[in-house]
Undergrad: 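Let me begin by handing over the structure; questions about it come next.
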2 protein chains.
Amino acid sequence: MQPGQSVQLPEGAKARRVYLSLRDQISDGRLPDGENLPGEQRLAASFGVSRVTVRRALDALSDAGLIEKRAGSGTKVRAQNMAGKAAAMDFNTLMPQLVEMGHSTTARLLSFSYSQAPDFVAQAMGLAAGEKVQIATRVRITDDIPFSHLTTYVPAEIAQSYSEDDLATTPLFKLLERSGVQIEEAHQSVSATLAGPDVAEALDVAVGSALLSLKRVVRDVDGNGVEYLSGLYRPDMFRLEMPLSRVGQGSARHWEPAIGQMDEASG
Amino acid sequence: MQPGQSVQLPEGAKARRVYLSLRDQISDGRLPDGENLPGEQRLAASFGVSRVTVRRALDALSDAGLIEKRAGSGTKVRAQNMAGKAAAMDFNTLMPQLVEMGHSTTARLLSFSYSQAPDFVAQAMGLAAGEKVQIATRVRITDDIPFSHLTTYVPAEIAQSYSEDDLATTPLFKLLERSGVQIEEAHQSVSATLAGPDVAEALDVAVGSALLSLKRVVRDVDGNGVEYLSGLYRPDMFRLEMPLSRVGQGSARHWEPAIGQMDEASG
DNA sequence: CCATCTTGTATTATTTATAATACATGTATT
DNA sequence: AATACATGTATTATAAATAATACAAGATGG
């Protein structure tokens, strides 16, 4: 029961475009609370579509609870802060940290198998082509709302030291270090992508929604790749927070991440 | 001339879904080079659409140069590594750094005005409601390809110390510090969003494309907000790279950003 | 050479989205 | 009360996407 998927979503292009655009503007804060929305005619003109199309987009927004339409008065935004922004990435543990109390996170294992490492994984981890890896896909859920879709690749030898059940309950980091792996460095790359049919269903969002994409390669002290993570996060449920401080003097003045200072109330 | 906008994009829902899904799989590396693509009939069955629809998606991919169709042989992926990934965020300067040689970046000023700070900006910067700010929107371009769409909010008093022309040429950081502003800390929040009609045109991408979204609040030594940045980045042209190292011992073991070690060949 | 795969091309019908209108009704302002 | 503007509703026509089908032509392997 989240925006997007739940009700009948206007599958067609234009209405969908209007819907998604307005939805993002609302959750962004660009459209604040109150009676802000322009009239349907005005919106139609602004988007270059007919009023019927705008209407369908607004109906979907209304069904999603993001706006409130009153008969002759107008349409006002019900920002409700998306009831989310519940999680943020913590630099100390590289794990999502729930900033609100009472929110627990559970994981659901979607698939689990051993097979040859895809080329891009093998290349990123520095494995031999065709080396066997464990491939696991799981979804993390908080308050019945899924917020991340994670696929991990771990060399088969290392992965044998923990079980399938371990994966569903324990963070992969802990499992690896428990197995005696000496984790030394990691490299993360953050980007954005669109939700495909499969991921959209798992994350309970509309196909074509924007997702935060994170790829992480973890290496041990010998420089061998021990984990490749490909994660997709719902932007309304997850953000990457980066506190930074300006240090140094003169020409050496530069930015440094201010770690260990995660603002608890930053959500 | 980049994927998405350039040619005739299949506006309709189904064909677009197939197109975007395949495009992401290609740029992700999930579909590697060679003659990998299943036949059109197989794709049609797999996506649950007709062959005509798959066909249009493939035509668009072909126009974008991502695949190569041969008459009776099949369709092979031309990964070409998106010819991009040219820029990455540098932690030291908080500015995009071009990792390939010979690429220069220019800026185009889209709009420039002084007006009241929007609520969410005033709140984030800690300004009085309705305080006047300078609002500037500009697009950064490298090799004729736009890769970022930036909107900055600067308190009017501070903004008066530099000109409109300065903005088009000099990074805002330099302008601020030149004005005697004592920059102390910043907070960045990274997420993802969809390209609206306006941004899509400016960045030469299709409406509804995924964009990396970055919001940054910069404060001076007194804790006053001096800059609010809302940036949208093309994921095929820009990534946020984060090298990390595992430090500390025992229970104090944690991650720390490995700054100043940006891998030049990381793109 | 032949069987069988592939992409290329064409036709047709169905479904759906969209647009253009008109009018009724609720709300608020003057 | 009158006016203006908002949403609610309905109708009709146009445009577009999609599906289903058939067949031609190139490529490949036996």
Side-chain angles (χ1 to χ4, degrees), chain A residues 4 7-23 26 31 33-78 197 206-208, chain B residues 4 7-23 26 31 33-78 197 206-208:
Chain A
V7 230
Q8 98 287 15
L9 54 158
E11 186 64 68
K14 294 220 180 61
R16 184 185 187 76
R17 162 183 312 182
V18 175
Y19 168 77
L20 291 173
S21 180
L22 290 176
R23 182 167 70 88
I26 291 175
L31 286 177
D33 270 322
E35 193 184 337
N36 316 73
L37 275 196
E40 294 174 352
Q41 301 218 48
R42 219 154 309 207
L43 283 175
S46 141
F47 275 98
V49 298
S50 84
R51 200 185 134 209
V52 193
T53 304
V54 169
R55 204 125 219 299
R56 280 207 285 154
L58 292 184
D59 285 344
L61 287 170
S62 183
D63 281 337
L66 290 175
I67 62 175
E68 202 164 300
K69 310 183 71 173
R70 266 192 318 176
S73 174
T75 302
K76 56 176 173 179
V77 179
R78 283 193 30 178
V207 173
Chain B
V7 230
Q8 99 288 11
L9 53 157
E11 186 65 65
K14 293 217 183 64
R16 184 186 187 74
R17 164 183 310 183
V18 175
Y19 167 78
L20 292 173
S21 179
L22 291 176
R23 181 169 70 90
I26 291 175
L31 286 177
D33 270 323
E35 191 185 336
N36 315 74
L37 275 195
E40 293 173 353
Q41 301 219 48
R42 218 155 309 204
L43 283 175
S46 141
F47 275 100
V49 298
S50 83
R51 201 187 133 205
V52 193
T53 304
V54 168
R55 204 125 219 302
R56 280 207 287 154
L58 292 184
D59 285 345
L61 286 171
S62 183
D63 281 339
L66 291 175
I67 61 176
E68 200 166 300
K69 311 183 70 174
R70 266 191 319 176
S73 173
T75 303
K76 56 176 174 179
V77 180
R78 282 194 29 176
V207 173

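The chains referred to below are lettered A, B, ... by the order of the sequence lines, with proteins before strands, and numbering in each begins at 1. Basis for what follows: all heavy atoms, side chains included, without hydrogens, waters or symmetry-related copies. Keep in mind the model is a prediction, meaning the values are calculated, not measured.
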Undergrad: Which heavy atom of K14(B) sits nearest a heavy atom of V49(B), and at what distance?
TA: CD-CG1, 3.6 Å

Undergrad: Once you round to the nearest 0.5 Å, how far does CZ of R16(B) lie from OG of S21(B)?
TA: 13.0 Å

Undergrad: Strictly below 4.0 Å, heavy-atom distances to any atom of DNA chain D: list the hits from residues 45-53 of chain B, or just say none.
TA: V49(B), S50(B), R51(B), V52(B), T53(B)

Undergrad: Looking at dC5(D), I'd like to know if its phosphate oxygens (OP1 or OP2) sit under 4.0 Å from a side-chain N or O belonging to R42(A).
TA: no

Undergrad: Compare side-chain N and O positions of K69(A) against OP1 and OP2 of dA6(D) and report whether any pair is under 4.0 Å apart.
TA: no

Undergrad: Does OP1 or OP2 of dT7(D) have a side-chain N or O of T75(A) closer than 4.0 Å?
TA: yes

Undergrad: Taking all heavy atoms of L37(A) and all of T75(A), pick out the closest pair and write down the distance.
TA: CB-O, 3.3 Å

Undergrad: Are R55(A) and K69(A) packed together at the side-chain level, in the sense that at least one heavy-atom pair is separated by less than 4.5 angstrom?
TA: yes

Undergrad: Between dA6(D) atom P and L37(A) atom CG, what is the distance in whole Å?
TA: 12 Å

Undergrad: Report yes if the side chains of L43(B) and V18(B) come closer than 4.5 Å at any heavy-atom pair, otherwise no.
TA: no

Undergrad: Tell me the bend of the helix from dC1(C)-dG30(D) to dT30(C)-dA1(D) as the angle between end helix axes, each from five pairs, rounded to the nearest 10 degrees.
TA: 30°

Undergrad: Does a side-chain N or O from R55(A) land closer than 4.0 Å to OP1 or OP2 of dG8(D), or not?
TA: yes

Undergrad: For L58(B) and E40(B), which heavy atoms make the closest approach, and how far apart are they?
TA: CD1-CG, 3.7 Å

Undergrad: Could you pull out the closest heavy-atom pair between A15(A) and A57(A), with the gap in Å?
TA: O-CB, 3.7 Å

